[in-house]
Engineer: 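Quick one: this structure, given as structure tokens, is what I'll be asking you about.
Whatever order the structure lists them in is the order used to number ligands and atoms, beginning at 1. Reckoned from all heavy atoms, side chains included, excluding hydrogens, waters and symmetry mates.
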Amino acid sequence: MVSIRAAEPADVVAITDLYNALLETTTYEWTEVLHTIDERRAWLRAKVAAGHPVLVAVDAGTVIGTATYGDFRDSTRWPGYRFTVEHTVHVARSHWGSGVGRALVERLVDVARVDTKRVMVAAVDGSNDGSIGFHEQLGFRVVGRLPGVGEKWGRPLDLVLLQREL
Ligand SMILES: CC(C)(COP(=O)(O)OP(=O)(O)OC[C@H]1O[C@@H](n2cnc3c(N)ncnc32)[C@H](O)[C@@H]1OP(=O)(O)O)[C@@H](O)C(=O)NCCC(=O)NCCS
């Protein structure tokens with residue numbers, strides 16, 4: 001039985017592992033540098049301070065997924081973006097295909113609606129067909145493809161933008 005709850009400082013090691021899981025073997029994360037526990041700890045503190053949700057999915061006491069959202073572009077500098085958020089979601093491979101990703105994103109959507117957000121955006125590596133298919137199943141639609149805006153291992157990367165009206 002998987003439950004969803006707000007992340008706590010004690011979850012940071014598991015969250016770091018989830019963010020690093022595919023970093024060295026795929027272009028899904030646009031960095032070649034592994035996340036560290038200290039960096040994720042500071043990140044979690046900043047997220048909480050900003051009032052942004054960080055959720056974890058827990059199975060038998062083990063964190064097996066995480067999801068969060070934040071500004072889509074800088075809504076302090078450009079307040080016109082304040083009703084739009086960009087999210088990310090990571091599920092442990094051992095639990096793929098069992099509804100955990102959906103549960104995390106739907107809970108994020110609930111939080112975003114209460115937070116008066118209107119649009120949720122996923123910005124996905126163009127080769128990540130799994131994430132694109134997953135988001136389409138959750139009611140997101142592809143609204144754009146930005147060719148070559150990223151790079152990893154010397155290869156240009158496309159960014160696919162999907163959005164869901166809340
Ligand atoms: C993408 C990811 C979050 C999906 O999580 P998940 O727990 O496996 O997804 P779920 O089991 O909740 O699936 C929800 C729906 O999406 C569909 N889906 C899941 N993975 C899919 C895939 N690879 N291709 C197409 N559809 C997929 C499922 O069929 C399901 O549809 P249904 O409920 O109508 O049957 C997970 O594979 C993952 O963490 N991938 C690596 C990290 C990543 O790419 N994150 C996204 C960065 S934006």
Engineer: Taking all atoms of both residues into account, what is the closest heavy-atom pair of Ile132 and Gly126, and its distance?
Structural biologist: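 Here Ile132 and Gly126 meet closest at CD1-O, 4.2 Å.
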Engineer: So His135 and Val160, do their side chains get closer than 4.5 Å, heavy atoms only?
Structural biologist: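 The answer is no, as the side chains (C-beta and beyond) never meet within the 4.5 Å cut-off.
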Engineer: Assess the residue pair Gln137 and Phe134 against the criterion (side-chain contact (heavy atoms from CB on, under 4.5 Å)); give the C-alpha distance rounded to whole Å, side-chain angles, the decisive distance to 0.1 Å, and a yes or no.
Structural biologist: CA-CA 5 Å; Gln137 284 301 114; Phe134 163 78; 5.8 Å; no
Engineer: Of all residues at least two apart in sequence or in a different chain, which pass the side chain to side chain contact (heavy atoms under 4.5 Å, CB included) check with Val85?
Structural biologist: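 Applying side chain to side chain contact (heavy atoms under 4.5 Å, CB included) to Val85 gives Tyr69, Lys117, Met120.
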Engineer: Check ligand 1 for N or O atoms under 3.5 Å from a protein N or O and list each pair with its distance.
Structural biologist:
{"unit_1": "ligand 1", "atom_1": "7 (O)", "unit_2": "Gly101", "atom_2": "N", "d": "2.8"}
{"unit_1": "ligand 1", "atom_1": "8 (O)", "unit_2": "Gly97", "atom_2": "N", "d": "2.8"}
{"unit_1": "ligand 1", "atom_1": "11 (O)", "unit_2": "Gly97", "atom_2": "N", "d": "3.4"}
{"unit_1": "ligand 1", "atom_1": "11 (O)", "unit_2": "Ser98", "atom_2": "N", "d": "3.2"}
{"unit_1": "ligand 1", "atom_1": "11 (O)", "unit_2": "Gly99", "atom_2": "N", "d": "2.8"}
{"unit_1": "ligand 1", "atom_1": "12 (O)", "unit_2": "Gly101", "atom_2": "N", "d": "3.3"}
{"unit_1": "ligand 1", "atom_1": "12 (O)", "unit_2": "Arg102", "atom_2": "N", "d": "2.8"}
{"unit_1": "ligand 1", "atom_1": "33 (O)", "unit_2": "Arg102", "atom_2": "NE", "d": "3.2"}
{"unit_1": "ligand 1", "atom_1": "33 (O)", "unit_2": "Arg102", "atom_2": "NH2", "d": "2.8"}
{"unit_1": "ligand 1", "atom_1": "34 (O)", "unit_2": "Arg102", "atom_2": "NH2", "d": "3.3"}
{"unit_1": "ligand 1", "atom_1": "34 (O)", "unit_2": "Gln137", "atom_2": "NE2", "d": "2.9"}
{"unit_1": "ligand 1", "atom_1": "39 (O)", "unit_2": "Val91", "atom_2": "N", "d": "2.8"}
{"unit_1": "ligand 1", "atom_1": "39 (O)", "unit_2": "Val91", "atom_2": "O", "d": "3.4"}
{"unit_1": "ligand 1", "atom_1": "44 (O)", "unit_2": "Asn128", "atom_2": "ND2", "d": "2.7"}
{"unit_1": "ligand 1", "atom_1": "45 (N)", "unit_2": "Val89", "atom_2": "O", "d": "2.8"}

Engineer: Asp71 and side-chain contact (heavy atoms from CB on, under 4.5 Å): which partner among Arg77, His52, Arg82?
Structural biologist: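 Between Asp71 and the candidates, side-chain contact (heavy atoms from CB on, under 4.5 Å) is satisfied uniquely by His52.
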Engineer: If the plane angle is over 60° it's perpendicular, under 30° parallel, otherwise tilted; pick one for Phe72 and Tyr81.
Structural biologist: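 Because their plane-to-plane angle is over 60°, the rings of Phe72 and Tyr81 count as perpendicular.
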